[in-house]
Amino acid sequence: MTLVDTQILQFDLRLGTPSDAALVVQFMHKLGSFQKMGDDITATPERIERLLKSKQGEVAFGLYDGEAVGFAYFHEKSSAFMGRSGLFIDGLLIDDSMRSKGLGNIMMQFLSKIAVERGCEFLEWGCLDWNTSAIAFDQNIGAYCIDTMRIYRLSPEDLNTTALRF
């Protein structure tokens, strides 16, 4: 799919395949570095390939001149609280050289279209509270913040320990 932004740059979008796992990991390392969480990225190409093969995760790439300059890693989710299904964007990054050129908007439009085509009723993602440019972008496209909730996670070790208690 080829799209043109307001600055007359031509971007192409494509969904990724399991063979793109190493590229996903490269973008995740860039994202982790940008978010000052580089040490927290433990994804490997093998793990990402497994997720992509099993359809537990999907990826879209934004291309400029044939080179991937942006990505969005996402998966389907549902909410018992709302009784609805949606897509969750777990990672989204546009390379520094391509920011403010419209690719972020194009990626969000593309992901919104995928969600609607699948019968989803929401698109959701997280944003770090210090990332003011992302917050402004999110609000500009009409997104709202659910700031009454904290996300908790069990590590693989703690997950196993907790499971063994049952």
Side-chain angles (χ1 to χ4, degrees), residues 1 3 5-7 9 11 13-16 20-21 23-44 47-48 51-52 55-64 68-156 158-159:
M1 170 190 282
L3 299 163
D5 80 350
T6 56
Q7 296 182 9
L9 294 177
F11 294 108
L13 298 176
R14 75 170 175 87
L15 289 173
D20 291 310
L23 183 57
V24 173
V25 172
Q26 287 174 16
F27 269 104
M28 285 306 302
H29 281 288
K30 287 182 192 180
L31 179 60
S33 179
F34 173 78
Q35 293 180 330
K36 301 171 187 150
M37 300 169 65
D39 292 341
D40 295 332
I41 305 299
T42 60
T44 64
R47 288 180 183 166
I48 297 297
L51 292 171
L52 294 173
K55 303 287 188 194
Q56 291 178 305
E58 299 178 71
V59 65
F61 294 103
L63 308 170
Y64 180 68
V69 295
F71 96 117
Y73 183 87
F74 61 99
H75 60 85
E76 291 190 29
K77 70 176 282 187
S78 64
S79 168
F81 191 81
M82 295 185 293
R84 296 180 171 167
S85 66
L87 292 182
F88 181 81
I89 304 170
D90 188 51
L92 187 143
L93 180 77
I94 308 299
D95 283 344
D96 287 342
S97 64
M98 289 290 130
R99 288 201 186 126
S100 299
K101 298 186 186 312
L103 182 55
N105 276 316
I106 291 168
M107 297 277 293
M108 293 303 287
Q109 292 165 11
F110 182 63
L111 293 170
S112 295
K113 184 174 186 204
I114 290 172
V116 168
E117 288 174 350
R118 293 182 184 181
C120 296
E121 298 178 82
F122 64 89
L123 181 62
E124 188 173 81
W125 62 93
C127 181
L128 295 170
D129 60 3
W130 57 261
N131 192 345
T132 55
S133 62
I135 292 167
F137 174 85
D138 296 344
Q139 292 173 342
N140 189 50
I141 64 171
Y144 61 93
C145 181
I146 305 168
D147 53 352
T148 58
M149 183 183 301
R150 291 182 181 215
I151 306 296
Y152 290 90
R153 177 178 297 148
L154 288 172
S155 69
D158 292 330
L159 179 64

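Values in this document were obtained by computation on a predicted structure and should not be read as measured data.
- Residues satisfying the side-chain hydrogen bond (donor to acceptor under 3.5 Å, both in side chains) test with Glu76, not counting sequence neighbours, are Arg118.
- Put simply, the side chain of Met37 reaches to within 4.5 Å of the side chain of Leu128, judged on heavy atoms.
- Not a single salt bridge (Lys or Arg N to Asp or Glu O under 4.0 Å) links Asp90 to another residue, sequence neighbours left out.
- Under the side-chain contact (heavy atoms from CB on, under 4.5 Å) criterion, Cys145 pairs with Asp147, sequence neighbours left out.
- Between the CD1 atom in Ile106 and the CD atom in Gln109 there is a gap of 6.5 Å [rounded to 0.5 Å].
- The two residues Leu92 and Leu31 have their closest heavy-atom pair at O-CD1, 3.6 Å.
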Starting from the C-alpha separation in whole Å, work towards a yes-or-no answer on side chain to side chain contact (heavy atoms under 4.5 Å, CB included) for Val116 and Leu123.
-> CA-CA 9 Å; Val116 168; Leu123 181 62; over 6 Å; no

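- Of all heavy-atom pairs spanning Leu52 and Gly57, the tightest one is CD2-O, 3.4 Å.
- Among residues two or more places apart in sequence or in another chain, the ring pair (Phe, Tyr, Trp, His ring centres under 6.0 Å) test is passed with Phe137 by none.
- For Gln26, the side-chain hydrogen bond (donor to acceptor under 3.5 Å, both in side chains) test picks out no residue, with sequence neighbours left out.
- For the pair Phe61 and Gly16, the tightest heavy-atom approach, listed with the atom from each and the gap, is CE1-CA, 3.9 Å.
- Taking CD of Glu121 as the reference point, atom OG of Ser85 lies at 6.0 Å (rounded to 0.5 Å).
- With sequence neighbours left out, Ser79 forms a side-chain contact (heavy atoms from CB on, under 4.5 Å) with Phe81, Met82, Phe122.
- Asp95 meets the side-chain hydrogen bond (donor to acceptor under 3.5 Å, both in side chains) test with Lys30; sequence neighbours excluded.
- Here the CZ atom belonging to Phe11 is positioned 10.5 Å from the CG atom belonging to Asn105, to the nearest 0.5 angstrom.
- Here the side chains of Arg47 and Val25 are not in contact, with every heavy-atom distance at 4.5 Å or above.
- The minimum heavy-atom distance linking Phe88 with Trp125 is given by the pair CE1-CA, 3.9 Å.
- For the pair Met107 and Ile89, the minimum side-chain heavy-atom distance is 4.5 Å or more.
- With sequence neighbours excluded, the residues forming a side-chain contact (heavy atoms from CB on, under 4.5 Å) with Asp158 are Leu154, Ser155, listed by chain and number.
- Every ring pair (Phe, Tyr, Trp, His ring centres under 6.0 Å) that Phe27 has, sequence neighbours left out, goes to Phe71.
- The heavy-atom pair separating Ile135 from Cys127 by the smallest distance is CG1-SG, 3.7 Å.
- When every heavy atom of Ile41 is checked against every heavy atom of Gly32, the shortest pair comes out as CG1-CA, 3.9 Å.
- How far CZ of Arg14 is from CG of Asp20: 4.0 Å, rounded to the nearest 0.5 Å.
- Residues forming a ring pair (Phe, Tyr, Trp, His ring centres under 6.0 Å) with His29 (at least two apart in sequence, or on another chain): none.
- You'll find the side chain of Tyr73 stays beyond 4.5 Å of the side chain of Leu93, heavy atoms only.
- Applying the side-chain hydrogen bond (donor to acceptor under 3.5 Å, both in side chains) test to residues at least two apart or on different chains, none of the pairs has a partner in residues 33-42.
- Qualifying side-chain contact (heavy atoms from CB on, under 4.5 Å) partners for Leu15, counting only residues two or more places apart in sequence or in other chains: Ala60, Phe74, Phe110, Ile114.
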